[in-house]
Amino acid sequence: MAETAYWEAIRRAHDEEMARDPMVIAMGEDIGVAGGTYKATSGLFDKYGEKRIIDCPISENSYTGIGIGASMVGMRPVIEIMSINFALLALDTIVNAAAKIRYMSGGQIECPIVMRTPGGTAHQLAAQHSARLARMFMSTSGLRVVTPRGPLDAYGMLKSAIRSNDPVVIIEHEQMYNLKEDIPDEEFFRPLEGAEVIREGSDITLIGYNYSVHLCMQAAERLAKDGISAEVVDLRSLKPIDRETIRKSVEKTHKVVVAEEDEAPVGVGSEIITGIMEDCFFALDSQPVRIHAADVPVPYNAKLEKAAIPNADDVYQGALKAMGKI
Amino acid sequence: MSDADKKRLLREMIFYRRFEDRTFEAYMERKIGGFLHLYSGQEAVCTGVLEMANVGKGKENDYVITGYRDHIHAIKTGAAPREVMAELYGKETGSSKGRGGSMHIFDASQNFMGGYALVGQPFPLAAGLAMGCKHKGTNQIAICFLGDGANNQGTFHETMNMAAIWNLPVLFVCENNGYAIGTHIDRSTAQPDQYKRVDTAYNMKSSQHDGMDIDNVMEAAKTAVDYVRNEQKPYFIEFMTYRFRGHSMSDAKGYRTKEEEAEWEKRDPIKIYSKKLIEAGVIKQADIKAWEKEIDDEMENDIIKFAEESPEPKLEELTRYVLDDNPDPRWIGPLQK
Ligand SMILES: Cc1ncc(C[n+]2csc(CCOP(=O)(O)OP(=O)(O)O)c2C)c(N)n1
Ligand SMILES: [Mg+2]
């Protein structure tokens with residue numbers, strides 16, 4: 001076991017997979033000579049050279065497309081897009097090409113490509129650098145979308161994503177790269193599918209993913225002091241969603257809060273709660289509660305930004321509401 | 001080139017014209033749905049370029065990729081015409097198992113990497129195929145056929161730049177037929193000579209040629225294909241051509257004059273090549289008549305029959321091919337609790 005930061009975990013996964021398989025390459029802006037905006041590929045340029053750690057011009061749609069084309073002939077590119085906002089420029093090649101080529105070709109051609117990108121607000125990055133947008137990718141058939149909450153999953157899911165034969169979008173978070181966790185020294189994998197109960201409880205279920213899992217954990221600790229036992233579920237995968245784990249938890253606690261950092265309409269919360277309605281409506285003792293951002297572009301002003309984005313207190317208050325305490 | 005090869009090439013072009021005409025008929029009979037874009041008029045470009053590349057040899061082929069006007073590119077690369085027709089009919093025996101249709105012909109067994117409906121999308125995919133070839137050191141190249149209109153997409157500029165800086169073995173073939181649907185190139189494009197848009201801008205070798213005479217096409221394409229393969233660098237080649245039919249099925253062609261059409265029809269690639277071969281004594285007019293009959297027979301009794309009689313995909317298989325059918329549980333899960 002060694003204490004590892006989120007970015008180091010990603011770096012280690014790249015390094016091990018590149019050492020194992022010469023078909024694995026990384027592409028992105030500033031990932032090579034500069035070492036990567038989030039240091040996720042630091043040192044690898046010197047180790048693997050410019051043919052495998054490829055510094056790309058600022059051409060998101062086309063370098064993603066080049067990675068997809070390379071994946072169609074057996075390569076395993078890992079593409080880093082500096083911010084999920086910029087991934088919008090690559091929506092054509094991700095959504096119209098990578099997600100559909102297996103299907104359109106009747107299963108003849110696959111695109112085993114990995115696209116890593118951070119979503120989420122940081123500190124006053126303003127409207128064009130704070131998008132979350134997981135909901136946009138999770139609504140696309142033919143993609144896998146995962147959200148590693150910490151170094152363990154960041155490492156283990158990236159390794160799995162590189163080996164999987166499907167296109168995988170890994171949504172990281174601007175505020176998680178320095179998060180630390182002990183992870184095993186020996187190689188391991190974390191599967192791309194499956195939600196995880198990361199704290200057991202009996203009174204209420206708090207569901208999160210990516211950064212919002214941490215808000216749920218903080219809220220659960222505060223609830224414990226009030227004598228309320230909260231179970232926390234990390235979705236881990238947004239496509240596909242593990243409805244079974246959610247159902248089991250809701251059938252145990254009968255109350256649910258879903259926390260997302262994104263705006264609510266057509267979002268993760270809407271999708272999860274619809275699933276609960278379909279799977280275990282009669283298990284509910286109270287209305288489900290959604291915690292989400294205000295329906296505005298993320299403001300620059302620090303106070304406005306804070307007001308727009310949900311925090312642990314919002315999740316706590318949401319839980320009290322679901323418990324009928326307020 | 002031997003007389004036998006010349007004959008074969010002419011017969012191929014006649015076959016391609018007939019194939020497209022027959023899809024038109026089947027579309028009118030509502031056997032084929034969706035969008036259907038025919039290649040008639042441009043045959044010399046695809047036939048001539050791919051004649052100079054490695055095609056028809058299965059997995060050793062060069063990689064070929066194009067847009068939605070893709071039937072003939074697929075067949076010349078090596079796809080079976082009956083499977084392409086079955087795809088247009090939406091049948092399980094189609095080249096994409098009925099999941100793709102006219103605009104999405106794929107044949108992985110011949111390295112035909114697809115037809116794509118998003119204008120400009122194949123540029124980066126082609127560069128990626130080339131990157132894979134170069135990385136694996138296979139000496140294969142990627143060949144990307146796209147229209148003049150596609151060059152106004154951002155992917156054109158982004159990809160030309162990356163193909164050039166990374167020395168990717170990709171041949172971009174611009175089939176300049178003068179129009180993007182109903183918009184003439186002079187109204188959409190500041191520099192109508194497409195080859196000029198890459199030479200100084202992206203430091204890429206490029207050239208422009210007549211695309212109606214297959215001999216011209218082959219000569220120019222040979223230089224370009226050899227350059228890409230031997231130098232391991234990209235090349236952009238532009239052919240001036242014309243589509244004889246509408247953009248797709250619902251096109252009244254109100255944007256161009258009868259005179260213009262008549263001018264280009266004089267330069268029909270099949271007429272040009274037939275005349276040359278007859279004058280050179282390689283074939284007689286009667287040979288063409290005989291081929292037409294053979295082709296009609298094959299079309300009705302093999303290709304159309306196969307498409308008509310093939311089964312449709314099973315409804316139970318609606319969601320097959322979305323993701324890997326047999327994923328490894330070690331990477332995919334579900335998570336063990
Ligand atoms: C991204 C995108 N925008 C618009 C369209 C609609 N569209 C289909 S074909 C076409 C014209 C393309 O012209 P060109 O590249 O010259 O090819 P041609 O049809 O002449 O072979 C357009 C605008 C599309 N399919 N994709
Ligand atoms: Mg055109």
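Numbers restart at 1 for each chain; the letters A, B, ... are given by sequence-line order, proteins then strands.
- Judged by distance alone, the side chains of B:Gln140 and B:Asn54 never bring a donor and an acceptor atom under 3.5 Å apart.
- Chain A forms the most heavy-atom pairs under 4.5 Å with one residue out of B:Pro329, B:Gly333, B:Ser96, and that residue is B:Ser96.
- For the set B:Glu87, B:Lys97, B:Glu317, the count of heavy-atom pairs under 4.5 angstrom toward chain A peaks at B:Lys97.
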Test side chain to side chain donor-acceptor pair (under 3.5 Å) applied to B:Glu175 and B:His73, step by step:
CA-CA 12 Å; B:Glu175 303 199 43; B:His73 301 78; 2.8 Å; yes
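- With a 4.5 Å cut-off on non-hydrogen atoms, B:Ile105 does not touch chain A at all.
- Proximity to chain A is limited to the side chain of B:Asn161, based on heavy atoms less than 4.5 angstrom apart.
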Could you please spell out the steps behind the salt bridge (charged side-chain N to carboxylate O under 4.0 Å, His left out) verdict for A:Arg20 and A:Glu16?
CA-CA 6 Å; A:Arg20 173 188 65 89; A:Glu16 289 176 8; over 6 Å; no
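- Using modelled atom types and a 3.5 Å distance limit, the side chains of B:Gln110 and B:Asn61 yield a donor-acceptor pair.
- Both the backbone and the side chain of B:Asp324 come within less than 4.5 Å of a heavy atom in chain A.
- B:Ser95 touches chain A through its backbone: at least one of N, CA, C or O sits under 4.5 Å from a heavy atom, while the side chain does not.
- There is a side-chain donor-acceptor pair under 3.5 Å between B:Ser102 and B:His71.
- Highest contact tally toward chain A, considering only B:Asp107, B:Asp325, B:Thr319, is held by B:Asp107 [criterion: heavy-atom pairs under 4.5 Å].
- Using a 4.5 Å cut-off between heavy atoms, A:Ile25 touches chain B through its side chain atoms alone.
- The main-chain N or O of A:Gly194 is found under 3.5 Å from a side-chain atom of A:Arg236 such that the two form a donor-acceptor pair.
- Proximity to chain A is absent for every atom of B:Phe123, based on heavy atoms less than 4.5 angstrom apart.
- Looking at A:Met75, the atoms closer than 4.5 Å to chain B (heavy atoms on both sides) all sit in the side chain, from C-beta outward.
- In this structure, chain B has a heavy atom under 4.5 Å from the side chain of A:Asp166, while its backbone stays farther away.
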Run the side chain to side chain donor-acceptor pair (under 3.5 Å) test on A:Ser249 and A:Glu231 for me, step by step, so that the C-alpha distance in whole Å, both residues' side-chain angles and the decisive distance to 0.1 Å come before the verdict.
CA-CA 8 Å; A:Ser249 182; A:Glu231 176 146 304; 2.8 Å; yes
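- Within the 4.5 angstrom heavy-atom criterion, no atom of A:Ile162 approaches chain B.
- Among the candidates B:Ala117, B:Ala108, B:Gly94, the residue making the largest number of heavy-atom pairs closer than 4.5 Å to chain A is B:Ala108.
- Only the side chain of B:His135 comes within contact range of chain A, judged by heavy atoms closer than 4.5 Å.
- Using a 30° and 60° split on the angle between ring planes, B:Tyr116 and B:Phe106 fall in the perpendicular class, above 60°.
- Only the backbone of A:Ala195 comes within contact range of chain B, with at least one heavy atom under 4.5 Å from a heavy atom of that chain.
- Judged by a 6.0 Å distance limit and a 45° cone about the ring axis, B:Arg330 is not positioned over the six-membered ring of A:Phe189.
- At distances below 3.5 Å, at least one donor-acceptor pair connects side-chain atoms of A:Asp55 with backbone N or O atoms of A:Gly32.
- Of the two parts of B:Met162, only the side chain, counted from C-beta on, holds a non-hydrogen atom closer than 4.5 Å to a non-hydrogen atom of chain A.
- For the options B:Leu323, B:Thr155, B:Leu125, B:Leu129, heavy-atom pairs under 4.5 Å to chain A are most numerous at B:Leu323.
- Contacts of A:Arg190 with chain B are made by both backbone and side-chain atoms, with heavy-atom separations under 4.5 Å.
- Between chain B and the options A:Ala97, A:Ser141, A:Pro112, heavy-atom pairs under 4.5 Å are most frequent for A:Ala97.
- Ring orientation note: the planes of B:Phe172 and B:Phe236 are tilted relative to one another, at an angle of 30° to 60°.
- When B:Asn151, B:Asn152, B:Asp148 are each tested for a side-chain hydrogen bond (donor to acceptor under 3.5 Å, both in side chains) with B:Thr189, only one passes: B:Asn152.
- Using a 4.5 Å cut-off between heavy atoms, B:Ile332 touches chain A through backbone and side chain atoms alike.
- Top candidate by heavy-atom pairs under 4.5 Å with chain A, chosen from B:Lys136, B:Gln336, B:His157, B:Met103, is B:Lys136.
- A salt bridge does not link A:Asp279 to A:Arg247: none of the charged side-chain nitrogens sits closer than 4.0 Å to a carboxylate oxygen.
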